[in-house]
Protein chains: 2
Amino acid sequence: MPRGQCGGQGWWHGKFRGCGYRMTLGREAILDVLSKAEGHLSAEDIYIKIHSRYPNVGLTTIYRTLDVLSDVGMVYKLDFGDGRARYEFAEGPKGVHHHHHLVCTECHKIIDYTDFIDDEVELLNQTEKGLGQKYKFKITNHLIQFYGVCQECSDKK
Amino acid sequence: MPRGQCGGQGWWHGKFRGCGYRMTLGREAILDVLSKAEGHLSAEDIYIKIHSRYPNVGLTTIYRTLDVLSDVGMVYKLDFGDGRARYEFAEGPKGVHHHHHLVCTECHKIIDYTDFIDDEVELLNQTEKGLGQKYKFKITNHLIQFYGVCQECSDKK
DNA sequence: CTATTATTGGAAATCATTTCCATTATTAGG
DNA sequence: CCTAATAATGGAAATGATTTCCAATAATAG
């Protein structure tokens with residue numbers, strides 16, 4: 001059965017299997033944490049959250065699983081500039097609200113915002129289409145982040 | 001003299017000094033390479049380019065300088081997902097054309113595009129203003145990247 | 001139930017980036 | 001032009017996130 005690419009039916013367990021991957025306890029645990037977290041977790045964050053209940057899921061497995069999830073598109077891998085990758089659940093069965101990020105370059109606080117998102121997304125879709133055609137790219141994803149200094153960090157000066 | 005923040009007059013040498021930094025051979029070399037490169041160079045790329053002419057500029061200095069340049073806003077630090085940071089000259093005296101990036105997730109090829117940029121930038125400016133007010137952020141910068149698979153990588157399958 | 005093969009965990013390896021620190025170079029001010 | 005003050009340097013060593021290795025284990029198809 002072909003792997004790595006995924007048609008995309010069913011959900012989660014099903015989707016996973018449908019992509020030719022096996023479903024294991026560790027993967028289940030990771031998906032569970034990610035889907036509930038609503039946040040931006042590092043591999044280690046996940047490891048810690050999982051470890052109490054699943055002491056025998058190793059960090060290596062977490063990295064591997066995150067890679068897989070990222071390839072399949074169930075998880076976004078993000079870089080906020082603090083030297084470790086963050087992972088965020090891409091979309092639930094009902095479609096999680098799309099959002100973008102506001103990153104404080106001082107304290108690395110992250111704000112998810114959904115304001116203005118509609119216009120942004122519409123423009124992005126157009127651009128995506130245009131770019132895809134012009135450069136013969138199959139565009140699968142986009143990233144928008146704003147950088148700046150949050151109020152607290154501004155005040156500290 | 002205060003440092004880290006910069007009023008922004010003069011250019012390059014002047015700007016550097018104006019920010020309270022000293023101008024050194026190494027920094028000059030790095031700026032020189034970056035300003036001419038038009039590309040996305042890693043610290044090591046820069047090291048290699050510089051090393052023949054300035055054999056005594058070390059990697060450490062390059063990292064340090066890039067940090068400074070990044071803080072001052074003369075250089076953008078970028079992450080294309082291949083595990084090393086890339087640096088790109090922010091703007092020349094006449095203002096370099098603004099562009100965004102199209103990243104192939106397979107081979108990590110980067111395409112700079114300027115198409116559609118105008119609409120994007122306009123929207124971004126509005127969003128920036130709105131976000132800045134709502135979240136009390138001093139927004140200094142933004143990042144837009146599209147991810148996908150380039151034609152060659154598509155063909156390989 | 002069994003054979004096949006994906007997955008695992010843990011230790012060790014990688015590799016980009018930082019830290020340390022004694023040495024050197026730049027700059028302001030006389 | 002000199003000199004003191006201190007920013008900047010380079011190279012080695014440390015750091016820390018992520019990968020690689022590999023023998024052991026678990027999930028799946030039939």
Distance in angstrom units between [X] [atom1] and [N] [atom2], rounded:
{"X": "Asn56(A)", "N": "dA11(C)", "atom1": "CG", "atom2": "C1'", "result": "17 Å"}
{"X": "Leu41(A)", "N": "dT18(D)", "atom1": "CG", "atom2": "P", "result": "13 Å"}
{"X": "Ile62(B)", "N": "dA8(D)", "atom1": "CD1", "atom2": "C1'", "result": "14 Å"}
{"X": "Leu78(A)", "N": "dA17(D)", "atom1": "CG", "atom2": "P", "result": "17 Å"}
{"X": "Asp67(B)", "N": "dT9(D)", "atom1": "CG", "atom2": "P", "result": "12 Å"}
{"X": "Arg64(B)", "N": "dT18(C)", "atom1": "CZ", "atom2": "C1'", "result": "10 Å"}
{"X": "Leu66(A)", "N": "dT7(C)", "atom1": "CG", "atom2": "C1'", "result": "15 Å"}
{"X": "Asp79(B)", "N": "dT17(C)", "atom1": "CG", "atom2": "P", "result": "10 Å"}

### Nearest atoms (heavy-atom pairs only) where Ser70(B) meets Lys77(B)
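It is OG-CB, 4.0 Å.
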#### Entry: Heavy-atom pair of closest approach, residues Leu78(B) and Glu88(B)
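Nearest heavy atoms, Leu78(B) then Glu88(B): CD1-OE1, 3.7 Å.
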### Query
Between dC21(D), dT17(C), dA12(D), which nucleotide gets closest to the side-chain atoms of Leu59(B)?
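Nearest to the side chain of Leu59(B) among the choices is dT17(C).
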### Query
Choosing from dT9(D), dC20(C), dT8(C), which nucleotide comes nearest the side chain of Thr65(B)?
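Between dT9(D), dC20(C), dT8(C), the one nearest the side chain of Thr65(B) would be dT9(D).
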### Query
Should the ring pair Tyr113(B) and Tyr135(A) be called parallel, tilted or perpendicular, given that the plane angle runs from 0 to 90° and is split at 30 and 60?
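Rings of Tyr113(B) and Tyr135(A): tilted, as their planes differ by 30° to 60°.
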#### Entry: Salt-bridge present (Asp32(B), Lys36(B); N to O < 4.0 Å)
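Yes.
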### Task
Would you classify Arg27(B) as touching base, sugar-phosphate or nothing, given that sugar-phosphate means primed atoms plus P, OP1 and OP2, and contacts are heavy atoms under 4.0 Å?
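Answer is sugar-phosphate: Arg27(B) comes under 4.0 Å of backbone atoms only.
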Produce the list of close N/O pairs, under 3.5 Å, pairing protein atoms with atoms of nucleotides 23-28 of chain D; give distances to one decimal.
residue, atom, partner, partner atom, Å
dA27(D), N3, Arg22(A), NH1, 3.2

### Task
Among residues two or more places apart or on two chains, list those pairs meeting ring-ring contact (aromatic ring centres under 6.0 Å, His included) that have a residue in residues 26-57 of chain A.
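Every pair satisfying ring-ring contact (aromatic ring centres under 6.0 Å, His included) with a residue in residues 26-57 of chain A: His40(A)-Phe80(A), His40(A)-His101(A), Tyr47(A)-His51(A).
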### Query
Just by distance, do the side chain of Arg27(B) and the backbone of Arg22(B) share a donor-acceptor pair under 3.5 Å?
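The answer is yes, because a donor-acceptor pair under 3.5 Å joins these two groups.
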### Query
With no hydrogens and no angle check, is any side-chain donor or acceptor of Asp67(B) less than 3.5 Å from a backbone partner on Arg64(B)?
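A pair under 3.5 Å: no.
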Heteroatom pairs (N/O) under 3.5 angstrom, protein to nucleotides 13-16 of chain C:
residue, atom, partner, partner atom, Å
dA16(C), OP1, Arg84(B), NH2, 2.7

### Query
Do His142(B) and Glu120(B) have side-chain atoms, one donor and one acceptor, less than 3.5 Å apart?
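No, no side-chain donor-acceptor contact under 3.5 Å.
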### Task
For atom CD of Glu44(A), decide whether the heavy atoms of other residues, nucleotides or ligands shown that lie under 6.0 angstrom number more than 12.
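At most 12 heavy atoms, drawn from other residues, nucleotides or ligands, come within 6.0 Å of this atom.
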